[in-house]
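Contents: one structure, followed by commentary.
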Amino acid sequence: MDITPKTLPLASVFQIGASNKYIVPVYQRHYSWRAEQIETLFNDIANEDSGYYVGNLLINTEEGHDSIIDGQQRLTTLSMLLLGCSYARFTDRFFSAL
């Protein structure tokens with residue numbers, strides 16, 4: 001496996017309208033973050049003025065599939081956080097239109 005590091009903004013990992021699908025290989029551990037780790041990540045992001053360094057995300061691309069090798073816990077947590085923000089924004093718009 002050839003590893004080519006890239007520095008990317010998180011927005012490029014979660015591109016709106018993109019067809020990116022990240023696969024968690026079966027050998028990866030199950031999602032295990034608890035409220036403490038999630039709150040720490042959220043507070044770190046919220047309290048950082050110049051941008052937050054999320055850490056490494058190691059993706060192996062083979063045969064058109066992107067498999068997460070490292071960073072699954074962070075990527076899953078950030079996915080849920082963004083989904084929650086989108087849901088909150090949608091419901092605010094929905095209920096304000098009633």
Side-chain angles (χ1 to χ4, degrees):
M1 171 180 11
D2 181 33
I3 298 176
T4 306
K6 296 179 193 175
T7 300
L8 301 171
L10 194 58
S12 69
V13 176
F14 294 111
Q15 292 179 357
I16 295 175
S19 61
N20 296 15
K21 291 182 182 177
Y22 297 102
I23 297 169
V24 179
V26 294
Y27 58 80
Q28 289 285 4
R29 66 185 169 127
H30 294 283
Y31 185 78
S32 63
W33 275 24
R34 302 284 183 226
E36 181 181 345
Q37 289 99 346
I38 295 168
E39 287 177 23
T40 299
L41 176 64
F42 180 78
N43 290 332
D44 287 348
I45 293 170
N47 294 323
E48 183 59 48
D49 293 331
S50 62
Y52 178 73
Y53 176 70
V54 175
N56 294 324
L57 179 60
L58 183 58
I59 304 290
N60 182 33
T61 302
E62 285 183 341
E63 301 174 10
H65 295 85
D66 293 329
S67 297
I68 303 170
I69 306 303
D70 184 42
Q72 173 227 354
Q73 304 287 314
R74 282 173 281 132
L75 186 62
T76 301
T77 303
L78 291 168
S79 296
M80 291 187 295
L81 177 64
L82 291 171
L83 182 61
C85 291
S86 296
Y87 178 77
R89 185 174 178 192
F90 171 77
T91 54
D92 284 349
R93 283 186 181 172
F94 176 78
F95 287 114
S96 66
L98 294 178

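Numbers here are sequence positions counted from 1. Computed from a predicted model, the values in this text were never measured in an experiment.
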Should Leu57 and Val13 be marked as a side chain to side chain contact (heavy atoms under 4.5 Å, CB included) after you check the CA-CA gap, both sets of side-chain angles, and the distance that decides it? CA-CA 10 Å; Leu57 179 60; Val13 176; 4.2 Å; yes
By side chain to side chain contact (heavy atoms under 4.5 Å, CB included) - contacts of Glu48 (at least two apart):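 Partners of Glu48 under the side chain to side chain contact (heavy atoms under 4.5 Å, CB included) test: Ser50, Tyr52.
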Residues 74-83 side chain polar contacts: donor-acceptor under 3.5 Å, at least two apart:
from, atom 1, to, atom 2, distance (Å)
Arg74, NH1, Val54, O, 3.2
Arg74, NH1, Asn56, O, 2.7
Arg74, NH2, Asn56, O, 2.8
Thr76, OG1, Gln72, O, 2.8
Thr77, OG1, Tyr31, OH, 2.7
Thr77, OG1, Gln73, O, 2.8
Ser79, OG, Leu75, O, 2.8

Work out which heavy atom in Ile23 is nearest to a heavy atom in His65; give both atom names and the distance.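 Closest heavy-atom pair between Ile23 and His65: CD1-CD2, 3.4 Å.
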Table please: side-chain donor-acceptor pairs of residues 33-45 below 3.5 Å, with sequence neighbours left out.
from, atom 1, to, atom 2, distance (Å)
Gln37, OE1, Arg34, N, 2.8
Thr40, OG1, Glu36, O, 2.9
Asn43, ND2, Glu39, O, 3.1

Counting only heavy atoms not in Tyr87, do more than 12 sit closer than 6.0 Å to its OH atom?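 Atom OH in Tyr87 is not packed in, count stays at 12 or less.
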Separation between CG of Leu58 and CD1 of Ile68, rounded to the nearest 0.5 Å: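 Reported value, rounded in 0.5 Å steps: 10.0 Å.
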According to side chain to side chain donor-acceptor pair (under 3.5 Å), who are the partners of Asp66, at least two apart in sequence or on a separate chain?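 With neighbours one apart ignored, the set is Thr61.
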